[in-house]
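A short write-up of the structure that comes next.
Proteins come first, then strands; the chains are lettered A, B, ... in the order of their sequence lines, and each starts at number 1. These figures come from a predicted structure and were not determined experimentally.
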Number of protein chains: 2
Amino acid sequence: MKVVTIKDVAARAGVSPKTVSRVINGEQHVRAEIREHVMRVVDELAYKPNAFARGLSSSRSFLIGLFVDDPFSGYAADLQRGAIDQCRMYSHHLVIEAVERERPDWLAQIDATLRELRLSGAILAAPVCDWSEVLELFESHDIPVVRLSPATDPGRAQQVQIDDRAAAREMTERLIALGHRDIAFVRGHTAHGAAALRWQGFADACADAGITIPARRVLQGDFSFKSGLAAGEAILADDDRPTAIFASNDKMAFGVLMVAMRHGIAVPGALSIAGFDDDEISRMAWPQLTTINQPNAEMAKVAVDLLIGNNPQVKKEPGESVELSYSLVERESSGPVMNGMA
Amino acid sequence: MKVVTIKDVAARAGVSPKTVSRVINGEQHVRAEIREHVMRVVDELAYKPNAFARGLSSSRSFLIGLFVDDPFSGYAADLQRGAIDQCRMYSHHLVIEAVERERPDWLAQIDATLRELRLSGAILAAPVCDWSEVLELFESHDIPVVRLSPATDPGRAQQVQIDDRAAAREMTERLIALGHRDIAFVRGHTAHGAAALRWQGFADACADAGITIPARRVLQGDFSFKSGLAAGEAILADDDRPTAIFASNDKMAFGVLMVAMRHGIAVPGALSIAGFDDDEISRMAWPQLTTINQPNAEMAKVAVDLLIGNNPQVKKEPGESVELSYSLVERESSGPVMNGMA
DNA sequence: CTGAAAGCGCTTACAG
DNA sequence: CTGAAAGCGCTTACAG
């Protein structure tokens, strides 16, 4: 297949390659009629600029990197979807990189990628965005970064997030409004900043309502289904049960729900369960899980906007932060506390 | 940060850039001591060749494209994981592209990507791999392709697959061996070739066992949880129930399981349920689902091997096909048929 | 507003 | 086995 280059377009349009370049890149200082004519020729020839030539001659690669801890997770899948869509909007492409922190050369791996690829920008998903070695690396390469839901070092780069703390607080308040006063909480992975924020939100709401949280009502999980199962077993083993359990993500909530079912505990009749994330799994549960909708795909979209939406030449203010709104999704796994139980 | 180029390495090593190039690319005809010396300098300077310069001057982009229908699915996530790992092994990078067939310009989108990116190779996941327009496009761009679990046009390109038909047959035989003779089947999305193969495997086993399949025992699903729910409702609505249900993927099997639970039907006591895929969800179910393990990540890995593992210059034989082995994973959702029920 | 020249950092094709 | 020259297809910096 004959490859169409900028010269072909220029020759056919009767202008210089530079003018074609200007038109393609939406630069100013091209007469309107020439611009239109060039664009017509571009379409006729189905010309697409070669990304490698562009990347070599300019410093822009038209490549956005998405760095995730676990590419296997639903979270990563959500982010990808949002980012891919938006990259396409701007004629960029998305390169996914797994950060394998368990490998001794994990940082060198990222470094190699950055040297090879000269990314136009990078999206650091949680919890990668909280690893300072990673941030330093990107800073040293001078690559614009957007952090997703960072928990440490606020203001170190642009960021996109929801207010995890407020969301967890709102969920807890809702449970309290339903009459629950004995609520267990399943904490998330300690490496994720969101885990701490969600816990704080829970604690805030309890404090406001004058509820003290006994230590035995707080379980440590790691955001996995399995850890939810373990937490459920621990909480529901004997008759000293809470009337509600708030797990800090849906996978764990789902695990808790499974344990409740095995024990024959009616949900929400005898036990309310709430999760966080609005993971696909929350709709596959029965009863479906009450949860917090976190717009992951949207967050990735916004991250791409921050990276390339505005003038890509202009450095953004570090610390620029976009906060997206969450929503409480009340489904069937939560309900009013039963008479005499409170 | 000062960028290290091939010239820097050449100057420091006291050789020409071309020699450095030879060393980097593992070409022959370099004296061993020079090779080692250059490699040492490369390490000292932490030199990484610029992917854009490479891509521009050679026809190789060091980029592998993964084309998926639904980047949101667990299937896509599995593939990504396998492909990313293996790409890194070969110093390549993975670019994920969503094929949005519902858009009128979907083919033009892919075409644009191919013109811009000059991929070294592409992995087409099911069912993208069965869309002939896509195959034609890659052929016209002369880009090596590996199809994953293709159902049509065998031999049109390299392919990696498991024997879906044999796997479904084996699962069905297992159910029959457990005493089941009244088995319902939930078919998958008609656009997926695997759906037809799994159905055939089921039919094969039934025919062998002398079991005829009444039309009312065959439900049409689309691989989604929701369609599993619908199929479950249809099958389990009245007392005329089969003793086992084989759904052609785990999400649907999970849906069927949920319906059984709501109806108070004991699994596997009164009803055996089997799925396919060994999806994460199959381990989150209770009872856990009996299923077929399909090594998705491994398939993507092998696809990368086919694309770049061997000599990348040499064209592969179209039709070269690698078949990976599956395994039947017997968990708790299936069991012997109850006395008097068969 | 438009263009000619030089260069990005590699590899290809050709010598020797 | 090693290297000098040319070129990949764009953009940058400079003129006019």
- Specify the closest pair of heavy atoms between A:Phe52 and B:Arg118, including all atoms of both residues, with the distance to one decimal. CE1-CB, 4.2 Å
- Provide the closest heavy-atom pair for A:Leu45 versus A:Val4 in the form atom of the first, atom of the second, distance.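 For A:Leu45 versus A:Val4, the nearest heavy atoms are O-CG2, 3.7 Å.
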Among [options], the one nearest [X] by side-chain distance:
| X | options | value |
| --- | --- | --- |
| B:Ile34 | D:dT2, C:dG9, D:dG9 | D:dT2 |
| A:His29 | C:dT2, D:dC8, D:dG9 | C:dT2 |
| B:Thr5 | D:dG3, C:dG9, C:dC8 | C:dG9 |
| B:Asn50 | C:dG9, D:dG9, C:dT11 | C:dG9 |
| B:Arg31 | D:dC1, C:dT2, C:dT11 | D:dC1 |
| B:Ser58 | D:dT2, D:dT11, C:dT12 | C:dT12 |

- Message: Closer than 4.0 angstrom, basic N to acidic O: yes or no for B:Glu97 and A:Arg88?
- Response: yes
- Message: Salt bridge or not between A:Glu44 and A:Arg12? Use side-chain N to carboxylate O under 4.0 Å.
- Response: yes
Measure the distance from [atom1] on [X] to [atom2] on [N] and round it to the nearest whole Å.
| X | N | atom1 | atom2 | result |
| --- | --- | --- | --- | --- |
| A:Lys7 | D:dG9 | NZ | C1' | 8 Å |
| B:Phe62 | C:dC10 | CZ | P | 11 Å |
| A:Glu27 | D:dT11 | CD | C1' | 9 Å |
| A:Phe52 | C:dG7 | CZ | C1' | 19 Å |
| A:Leu56 | D:dG7 | CG | P | 17 Å |
| A:Asn25 | C:dC1 | CG | P | 17 Å |
| B:Glu116 | D:dC10 | CD | P | 11 Å |
| A:Arg115 | C:dC8 | CZ | P | 19 Å |

- Stepwise, does the side chain to side chain contact (heavy atoms under 4.5 Å, CB included) test hold for B:Val95 with B:Leu66? CA-CA 6 Å; B:Val95 179; B:Leu66 172 62; over 6 Å; no
- Any side-chain heavy-atom pair of A:Ser321 and A:Gln158 under 4.5 Å: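 Of all side-chain heavy-atom pairs linking A:Gln158 with A:Ser321, none is under 4.5 Å.
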- Item | Contact check, side chains of A:Gln86 and A:Asp305, non-hydrogen atoms, under 4.5 Å |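 The answer is yes; the side chains approach within 4.5 Å.
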- Task: Check whether the side chains of A:Asp111 and A:His141 place a donor and an acceptor atom closer than 3.5 Å, and report yes or no.
- Result: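 Yes, because at least one side-chain N or O of A:Asp111 sits under 3.5 Å from a partner of the opposite role on A:His141.
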Between the protein and nucleotides 13-16 of chain C, are there any N/O to N/O pairs under 3.5 Å, and if so, what are the atom names and distances?
none

- Task: Inspect the surroundings of NZ in A:Lys48 and state if more than 12 heavy atoms from other residues, nucleotides or ligands are less than 6.0 Å away.
- Result: no
- Task: Name the residue closer to the 5' end of DNA chain D, choosing between B:Pro17 and B:Ser57 according to the nucleotide with the nearest heavy atom.
- Result: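 Looking at DNA chain D, the more 5' nearest nucleotide goes with B:Pro17.
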- Item | Distance (rounded to the nearest 0.5 Å) between A:Glu133 CD and A:Ile110 CD1 |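 These two atoms lie 9.0 Å from each other.
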- Structure string for DNA chain D in dot-bracket form, Watson-Crick and G-U at under 3.5 Å, | interchain: |||.||||||||.|||
- Does B:Ser21 place a side-chain N or O at less than 4.0 Å from the phosphate oxygens OP1/OP2 of C:dT11? yes
- Message: Please confirm whether the shortest side-chain N or O distance from A:Thr19 to OP1 or OP2 of C:dG3 is below 4.0 Å.
- Response: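 Answer yes for this pair, as a side-chain N or O of A:Thr19 is under 4.0 Å from OP1 or OP2.
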